[in-house]
Amino acid sequence: MQYDRTDARILEIVQKNNRLTSEIIGELAGLSATACQRRLKRLRSDGIIEADVSIVSAKAVGRPIQMLVLVSLERERADIIDRFKKAIKSSAEVVNGFYVTGDADFVLYITSRTMEDYEQFTRRFFYENPDIKGFKTMVVMDRVKAGFAIPVEVPHED
């Protein structure tokens, strides 16, 4: 996956606001609207842009309880890891899931309406899963920053 300086500028722009028109993005990146549309289409098809999303306030949609959960598996075997990854993907409560190194095997970002709902979730998702050795919940007190913007490296031109 390769991109150039102009693509890098487009990526910076759409990460801040992906609702801008091709005309405006093109103007900011020094391109025509058509050239901008072509580049955006290629960036998406090449997988450089993975998704166009809106960041929704968990509180505003009735899910004010947010947790980061460290999960340890009984053992690290490919089939167990793959099964747990599938469970993460199919769970609406799990907003983000990361397979990590260190003290835990996975870190999950989970939202819930109430602590009682979260307790029910833990019974279903963690306690009933024999592959899970343990989990540690950290309740989020304040979301300081929310986003998916990645710093875009400008490629060196030879």
Checklist entry - Would you find a donor on one side and an acceptor on the other, under 3.5 Å apart, between the side chain of Ser112 and the backbone of Met115? => result no
Checklist entry - Under 4.5 Å between side-chain heavy atoms, hopping through other hydrophobics if needed: is there a path connecting Tyr127 to Ile88? => result yes
Item to check | Any side-chain heavy-atom pair of Asp7 and Ile48 under 4.5 Å | outcome: no
Checklist entry - Going through the distances and angles, do Arg39 and Asp4 end up as a side chain to side chain contact (heavy atoms under 4.5 Å, CB included)? => result CA-CA 10 Å; Arg39 283 177 179 260; Asp4 63 17; 2.9 Å; yes
Next on the checklist: Please find the pair of heavy atoms, one from Thr111 and one from Met67, that lie closest to each other, and give the distance.
Outcome noted: C-CE, 4.5 Å
Checklist entry - Is it true that atom CD of Glu27 has more than 12 heavy atoms of other residues, nucleotides or ligands lying nearer than 6.0 Å? => result no
Next on the checklist: Would a single hydrophobic cluster contain both Val14 and Ile24, if residues Ile, Leu, Val, Met, Phe, Trp and Tyr are joined by side-chain heavy-atom contacts under 4.5 Å?
Outcome noted: yes
Next on the checklist: Under a 3.5 Å distance rule, please check whether Glu76 uses its side chain to pair with a backbone N or O of Ile81 as donor and acceptor.
Outcome noted: no
Next on the checklist: Less than 4.5 Å apart, side chain to side chain, heavy atoms only: is that true for Leu40 and Ile25?
Outcome noted: yes
Checklist outcome for this item: SG (Cys36) and CD1 (Ile13) are apart, to the nearest 0.5 Å, by 7.5 Å
Checklist entry - So, do Asp117 and Ile65 sit near enough that their side-chain heavy atoms are less than 4.5 Å apart? => result no
Checklist entry - Side chains of Glu74 and Ile80: closer than 4.5 Å at any heavy-atom pair? => result no
Next on the checklist: How close do Ser22 and Gln37 get, counting heavy atoms only, and between which atoms?
Outcome noted: OG-CG, 3.0 Å
Next on the checklist: Within this structure, what is the CG-CD distance for the pair Leu28 and Glu23, rounded to the nearest 0.5 Å?
Outcome noted: 12.0 Å
Checklist entry - What do you reckon, is CG of Asp103 surrounded by more than 12 foreign heavy atoms closer than 6.0 Å? => result no
Next on the checklist: Are Leu108 and Glu93 packed together at the side-chain level, in the sense that at least one heavy-atom pair is separated by less than 4.5 angstrom?
Outcome noted: no
Checklist entry - So, the side chain of Ser91 versus the backbone of Ala87: is there a donor-acceptor pair under 3.5 Å, distance only? => result no
Next on the checklist: In this structure, would Val95 and Val139 fall into the same cluster of hydrophobic residues linked by side-chain contacts under 4.5 Å?
Outcome noted: no
Checklist entry - Heavy-atom count around Arg124 CZ within 6.0 Å, excluding the residue itself: above 12? => result yes
Checklist entry - Short question: side chain of Asn17, backbone of Arg19 - any donor-acceptor pair under 3.5 Å? => result yes
Checklist entry - Using 4.0 Å as the upper bound for N to carboxylate O, is an ion pair formed by Asp105 and Lys133? => result no
Item to check | salt_bridge(Glu119, Arg123) N-O dist < 4.0 Å | outcome: yes
Checklist entry - For Glu153 and Tyr3, which heavy atoms make the closest approach, and how far apart are they? => result O-OH, 2.6 Å
Next on the checklist: Quick check against the 3.5 Å criterion: does Ser45 have a side-chain atom that pairs as donor or acceptor with the backbone of Arg42?
Outcome noted: yes
Checklist entry - What residue among Phe126, Phe84, Phe98 forms ring pair (Phe, Tyr, Trp, His ring centres under 6.0 Å) with Phe106? => result Phe84
Checklist entry - Does Tyr118 have its ring centroid less than 6.0 Å away from the ring centroid of Phe125? => result no
Checklist entry - Taking a hydrophobic cluster as the set of Ile, Leu, Val, Met, Phe, Trp and Tyr residues connected by side-chain heavy atoms closer than 4.5 Å, whether directly or through intermediates, do Ile110 and Val107 fall within one such cluster? => result no
Checklist entry - Heavy atoms, side chains only, cut-off 4.5 Å: are Leu73 and Ile132 in contact? => result yes
Checklist entry - Do you know which two heavy atoms are closest between Ala104 and Ser72, and how far apart they sit? => result CA-OG, 4.0 Å
Checklist entry - Applying the 4.5 Å side-chain criterion to the ILVMFWY set and letting contacts propagate, would Val140 and Val94 be lumped into a single cluster? => result no
Item to check | Check: Asn129 side chain, Asp131 main-chain N or O, donor-acceptor pair, under 3.5 Å | outcome: yes
Checklist outcome for this item: Minimal heavy-atom distance between Pro155 and Ala8, with the atoms involved, is CD-CB, 4.4 Å
Checklist entry - How long is the span from the CD atom in Gln66 to the CG atom in Asp142, to the nearest 0.5 Å? => result 9.0 Å
Next on the checklist: Quick one, Lys41 and Arg38 - any side-chain contact, counting heavy atoms below 4.5 Å?
Outcome noted: no
Next on the checklist: Looking at every heavy atom in both Asn18 and Val53, which two are closest together, and how far apart are they?
Outcome noted: ND2-N, 3.6 Å
Item to check | Nearest-0.5 Å distance, CD of residue Gln120 to CD of residue Glu116 | outcome: 9.0 Å
Next on the checklist: With heavy-atom distances below 4.5 Å as the criterion, would you say the side chains of Leu70 and Met138 are in contact?
Outcome noted: yes
